[in-house]
Amino acid sequence: MNWCPSCQTVLANEQVVQGLCERCDSVVTKKALTQWYFKVTDYADRLLDDLDTLEGNWPSKVLSMQRNWIGRSHGADVNFEIEGRSEPVTVFTTRPDTLFGATFMVVAADSALAAELVADSNPDIQKQFVSYLEMVKQSNDIERLATDRPKTGVDLGRFAINPVNGEKLPIWASDYVLADYGHGAIMAVPAHDQRDYEFAKTFGLPIRNVVDVKDENGQSIDPILAGVPTTGSGTVINSGPLNGLEKAEAIEKISALLETDGKGKKTKNFRLRDWLISRQRYWGTPIPIIHCEMCGEVPVPVDQLPVLLPPAEGLDLKPKGTSPLGGATDWVNTKCPKCGMDAKRDTDTMDTFVDSSWYFLRFLSPNSTEVAFPKDEAKAWAPVDQYVGGVTHAILHLLYARFVTKVLHDLDYIDFEEPFTRLLNQGMVLMGGSAMSKSRGNLVALSEQLDEHGVDAIRLTMSFAGPPEEDIDWADVSPAGSAKFLARAWRTANDVASAPGVDFTDGNGELRKATHSFLRDFGPLIENFKFNVGVAKIMELVNALRKAIDGQAGPADPAVREAAETVAKALSLFAPYTAEDMWQKLGFKPGVALAQLPESDLSLLVESSIIAIAQVDGKVRDKFEVPVDISEADLRDLAMASDLVKKAIGDREVANVIVRAPKLVNIATK
RNA sequence: GCCUCCAUAGCCCAAUGGCAGAGGCAGACGACUUAAAAUCGUCAAAGUGUGGGUUCGAGUCCCACUGGAGGCACCA
């Protein structure tokens with residue numbers, strides 16, 4: 001399993017990023033240990049298929065990352081008899097159509113199968129194998145990930161029988177086959193697989209073309225002459241009963257044939273591995289298992305849960321490869337719940353991702369000592385309607401929580417199968433293109449920014465900089481500009497000369513229109529997380545308000561008060577201090593956050609006329625003011641009568657006239 | 001190698017398939033001022049990365065390419 005030499009603990013696959021520990025960036029090595037797993041693979045199909053139900057509500061990036069990570073591939077299991085072994089060896093392949101092209105077999109060097117096969121081989125080979133295995137074990141994930149790594153391996157001196165043609169295939173051991181994917185063994189078809197091809201070239205193994213793949217000129221490519229394997233689709237050749245079939249047909253036929261003969265079957269495989277939850281750390285939840293010499297591994301009975309951590313005093317908490325809990329002798333030594341004999345507690349703790357996989361349910365009853373969460377509360381409140389978090393958890397927390405949710409559902413604790421209905425990945429604040437980090441430090445000192453511009457301006461700057469899911473480069477934004485805008489908005493509240501409660505009805509029409517079109521647009525923008533556009537709309541309204549105060553309407557116009565109150569209420573979402581001050585300057589008691597934005601009076605926004613545009617072949621040629629209820633025929637006639645339109649049409653023939661009353665006419669010419 | 005997302009004025013960003021501009025930063029000019037700052041106002045500035053396609057009409061839909069960001073990767 002994955003081992004972090006710095007944290008001195010094992011890690012789950014999801015916690016190894018590019019060969020490095022997710023927590024501390026140390027190079028992860030391999031270590032053989034007996035550990036606890038959650039069988040996530042049993043849920044692989046559902047975790048994958050249910051992603052479809054989140055489509056549109058989760059970022060597509062996260063959906064694709066999870067699909068990628070789960071990595072389902074369809075293919076077939078094929079059983080190969082092994083000379084001198086009673087049991088056949090099963091291999092998984094996505095290309096059973098190329099079975100006739102198999103020229104050797106490869107087993108994972110670090111698998112039990114390789115060790116077993118070599119044990120019955122000759123001593124020379126055994127010696128080679130042992131030293132090869134030693135070399136493999138010493139390589140870390142970084143080396144394994146190198147793309148230009150030459151193929152290595154050892155001929156085990158054993159043979160497999162191809163079930164379709166009885167051919168003897170030499171069996172090799174190599175590290176390019178993974179022990180924990182599929183069955184840890186593959187059939188090698190060098191003519192049609194890049195890795196098998198490289199291996200065959202390195203060790204002089206035969207290459208047999210069984211798929212006639214054509215190049216762009218329609219010429220057949222011979223993998224041996226071309227020097228590259230042909231991995232694309234084509235017609236099957238040199239393959240007995242499969243000859244002449246296309247890829248999909250051949251896969252169906254060979255799968256059926258294998259099944260009939262009991263030599264294989266259609267199946268699927270996943271990239272997803274089971275979740276290794278044991279950690280050799282003090283923090284975390286103790287694994288509730290008691291090890292008894294007589295009864296084996298016994299779960300702690302429900303009435304003794306939860307198992308609490310022993311006090312940390314006196315324990316060696318430094319990472320040392322074994323759990324610090326091992327030092328808590330009084331805690332470790334216990335009685336077997338089954339037979340009552342002396343027994344020992346499991347000293348590992350659970351991955352903290354286990355806890356974060358259901359914490360949102362615990363929020364429903366944080367003080368309950370009886371249950372983790374009450375069923376009826378979960379039914380009433382969960383799932384989470386809107387979740388906000390960083391994309392860094394796309395395949396960690398968000399996959400684990402989905403898994404735990406499905407398990408809880410199956411155990412009938414909850415009635416939903418997905419924990420988070422909607423997901424937003426917020427972006428990061430960058431500086432000059434660089435993310436801030438432990439090594440680079442805080443490139444933008446938040447406290448200094450707050451001191452300089454004030455918390456309202458900083459919050460507004462972040463909201464206004466762009467869509468919340470995008471990163472913000474602090475070098476591109478202007479907190480000083482935000483502060484300036486807030487001052488401008490604030491000043492309007494001071495200018496208002498009418499009293500609270502004044503009737504808005506007779507206020508300046510133009511400003512009222514601006515206020516109510518703002519009210520129409522603002523709510524949906526906020527609900528759809530378009531905060532940057534929402535802020536822009538407030539700015540727009542402030543501009544209109546300023547103009548009205550300085551212009552014809554004047555500070556005493558009721559519409560000025562209406563607009564200023566609206567600005568204060570809307571602004572309270574982004575700049576609560578400024579908004580509150582405006583609110584009180586406007587003569588209200590404290591609490592702008594509790595003041596509701598009024599409904600938009602749509603009747604104020606009804607126009608009697610509108611500017612219609614006339615296009616010729618999609619290009620705007622003329623505009624005219626028309627009644628909003630103009631008929632299509634009238635609008636068409638108006639457009640056709642326009643001199644500018646006539647000029648644009650010239651002597652061409654009119655082919656089609658599209659009318660979208662009252663806004664647009666488009667005249668298409670031949 | 002496979003997959004996903006993105007590309008709009010100098011910059012950050014808006015735009016139910018229907019007039020490319022809502023908002024801001026930076027800029028130019030004007031008013032106020034003895035002057036400056038602050039404030040108020042006016043203006044200028046892309047034809048939407050490139051090439052095709054669909055459509056009456058494309059920033060928006062489709063294909064290819066270029067550039068950028070990200071994910072997965074000896075997964076058979």
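The chains referred to below are lettered A, B, ... by the order of the sequence lines, with proteins before strands, and numbering in each begins at 1. Because the structure is predicted, anything quoted here is derived from the model rather than measured.
- Taking a pair to require two hydrogen-bonding distances under 3.5 Å in either a Watson-Crick or a G-U wobble arrangement, B/rA14 remains unpaired.
- Between the CZ atom of A/R546 and the C1' atom of B/rA38 there is a distance of 13 Å, given to the nearest Å.
- Pairing for B/rA64 is with B/rU50, a Watson-Crick or G-U wobble pair whose two hydrogen-bonding atom distances lie under 3.5 Å.
- In summary, the aromatic rings of A/F199 and A/Y197 are positioned with their centroids too far apart to meet the 6.0 Å limit.
- A/S174 comes within 4.0 angstrom of nothing in the nucleic acid, heavy atoms only.
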Scan nucleotides 2-12 of chain B against the protein and return all N/O pairs shorter than 3.5 Å with their distances rounded to 0.1 Å.
from	atom 1	to	atom 2	distance (Å)
B/rC12	O2'	A/A465	O	3.0

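- Looking at heavy-atom distances under 4.0 Å, A/I667 makes no contact with the nucleic acid at all.
- For A/D495 and A/R491, the salt-bridge test fails: no basic side-chain N is under 4.0 Å from an acidic carboxylate O.
- Listed nucleotides: B/rC19, B/rA76, B/rC74. Nearest to the side chain of A/I613: B/rC19.
- Checked against A/D49 for a salt bridge (Lys or Arg N to Asp or Glu O under 4.0 Å), the options A/R402, A/R67, A/R72 give a single hit: A/R72.
- Checking A/T267, A/D77, A/N79 one by one against A/T90, the side chain to side chain donor-acceptor pair (under 3.5 Å) holds for a single residue, A/N79.
- Taking atom C1' in both B/rC74 and B/rA69, the straight-line distance is 26 Å, to the nearest Å.
- Toward the 5′ end of RNA chain B lies the nearest nucleotide of A/N666, the other residue of the pair A/N666 and A/T94 mapping further downstream.
- For the pair A/W474 CH2 and B/rC25 C1', the interatomic distance rounds to 13 Å; values are reported in whole Å.
- For A/R660 and B/rU16, the CZ to P distance is 18 Å, given to the nearest whole Å.
- The salt bridge (charged side-chain N to carboxylate O under 4.0 Å, His left out) test applied to A/E527 returns no partner, not counting sequence neighbours.
- Listed nucleotides B/rC40, B/rC19, B/rA76 differ in distance to A/I186; the shortest reach to its side chain belongs to B/rA76.
- As judged by a 4.0 angstrom heavy-atom cut-off over every strand, A/K484 is placed among residues touching the sugar-phosphate backbone only.
- Atom CH2 in A/W490 sits about 18 Å away from atom P in B/rA38, given to the nearest Å.
- Residue-level contact check: A/R491 touches the backbone only, with heavy atoms under 4.0 Å from sugar-phosphate atoms and none from bases.
- Under the Watson-Crick or G-U wobble criterion, with both distances below 3.5 Å, B/rG59 is left unpaired in every strand shown.
- Between the side chains of A/Y176 and A/E198, no donor N or O sits under 3.5 Å from an acceptor N or O.
- A/N543 comes within 4.0 angstrom of the backbone, heavy atoms only, and of no base.
- One cannot find a donor-acceptor pair under 3.5 Å joining the base of B/rG1 and the side-chain atoms of A/Q194.
- When the P atom is used for both B/rG71 and B/rG57, the distance is 41 Å, rounded to whole Å.
- Residues from residues 513-529 of chain A placing a heavy atom under 4.0 Å of any atom in RNA chain B do not occur.
- Under the 90° criterion around 0 for the glycosidic angle, B/rG41 counts as anti.
- Applying the ring pair (Phe, Tyr, Trp, His ring centres under 6.0 Å) definition to pairs two or more places apart or across chains, none involves residues 461-487 of chain A.
- Between the C1' atoms of B/rG17 and B/rU48, the separation comes to 15 Å (whole Å).
- Atom CD in A/E198 sits about 11 Å away from atom C1' in B/rG1, given to the nearest Å.
- For A/K530, counting side-chain heavy atoms from C-beta on, the closest listed nucleotide (B/rG71, B/rG23, B/rA15) is B/rA15.
- Checking A/R488 against A/N543 by side-chain atom types alone, a donor-acceptor pair falls below 3.5 Å.
- Scored by the ring pair (Phe, Tyr, Trp, His ring centres under 6.0 Å) test, A/F522 finds A/F518 as partners (sequence neighbours excluded).
- For the pair A/R271 CZ and B/rG71 P, the computed distance is 13 Å after rounding to whole Å.
- Ion pairing between a basic and an acidic side chain is recognised when a charged N comes within 4.0 Å of a carboxylate O; A/D643 and A/K647 show no such pairing.
- Both A/G71 and A/I658 lie near RNA chain B, and the one whose nearest nucleotide falls closer to the 5' end is A/I658.
- At the heavy-atom level, A/R72 lies nowhere under 4.0 Å from the strands shown.
- Across all strands shown, A/K151 has heavy atoms under 4.0 Å from base atoms, whether or not it also approaches the sugar-phosphate.
- A distance of about 14 Å separates the C1' atoms of B/rA28 and B/rG10, rounded to the whole Å.
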Which side-chain N or O atoms in residues 94-103 of chain A pair as donor and acceptor under 3.5 Å with protein atoms at least two apart or in another chain?
from	atom 1	to	atom 2	distance (Å)
A/R95	NE	A/D97	OD1	3.1
A/R95	NE	A/D97	OD2	3.3
A/R95	NH1	A/T231	O	3.4
A/R95	NH2	A/D97	OD2	3.1
A/T98	OG1	A/R95	O	2.8
A/T103	OG1	A/P206	O	2.8

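- A/L635 places its CG atom 17 Å from the P atom of B/rG18, with the value rounded to the nearest Å.
- B/rU16 sits 27 Å from B/rG52 when the P atoms are compared, rounded to a whole Å.
- The distance between atom CD of A/Q615 and atom P of B/rG18, rounded to the nearest whole Å, is 11 Å.
- Taking all atoms of both residues into account, the shortest heavy-atom contact from A/V107 to A/L113 is CG1-CD2, 3.7 Å.
- Using a 4.0 Å heavy-atom criterion, one finds that A/A668 contacts the sugar-phosphate atoms exclusively.
- Taking only side-chain atoms of A/S478, from C-beta outward, the nucleotide of B/rC25, B/rA76, B/rG71 with the closest atom is B/rC25.
- Of the listed nucleotides (B/rA76, B/rC19, B/rG57), B/rC19 has the atom at the smallest distance from the side chain of A/V620.
- Using atom C1' as the reference point in both B/rC63 and B/rU54, the two lie 11 Å apart (nearest Å).
- Among the atoms of the strands shown, only primed sugar atoms or phosphate atoms (P, OP1, OP2) are found under 4.0 Å from some heavy atom of A/P467.
- One finds a salt bridge joining A/E167 and A/R208 here, because a Lys/Arg side-chain nitrogen approaches an Asp/Glu carboxylate oxygen to under 4.0 Å.
- Using P as the reference atom, B/rG41 and B/rA26 are 16 Å apart when rounded to the nearest Å.
- The aromatic rings of A/F92 and A/Y181 sit perpendicular to each other, their planes meeting at more than 60°, with 30° as the lower class boundary.
- With hydrogens and angles left out, the side chain of A/K663 and the base of B/rC19 share no donor-acceptor pair within 3.5 Å.
- Taking atom C1' in both B/rU50 and B/rG67, one finds a spacing of 10 Å when rounded to whole Å.
- The partner of B/rU42 is B/rA28, judged by Watson-Crick or G-U wobble contacts that both fall below 3.5 Å.
- Within the shown strands, nothing qualifies as a pairing partner of B/rA73 under the Watson-Crick or G-U definition with both distances less than 3.5 Å.
- Using a 4.0 Å heavy-atom criterion, one finds that A/N532 contacts the sugar-phosphate atoms exclusively.
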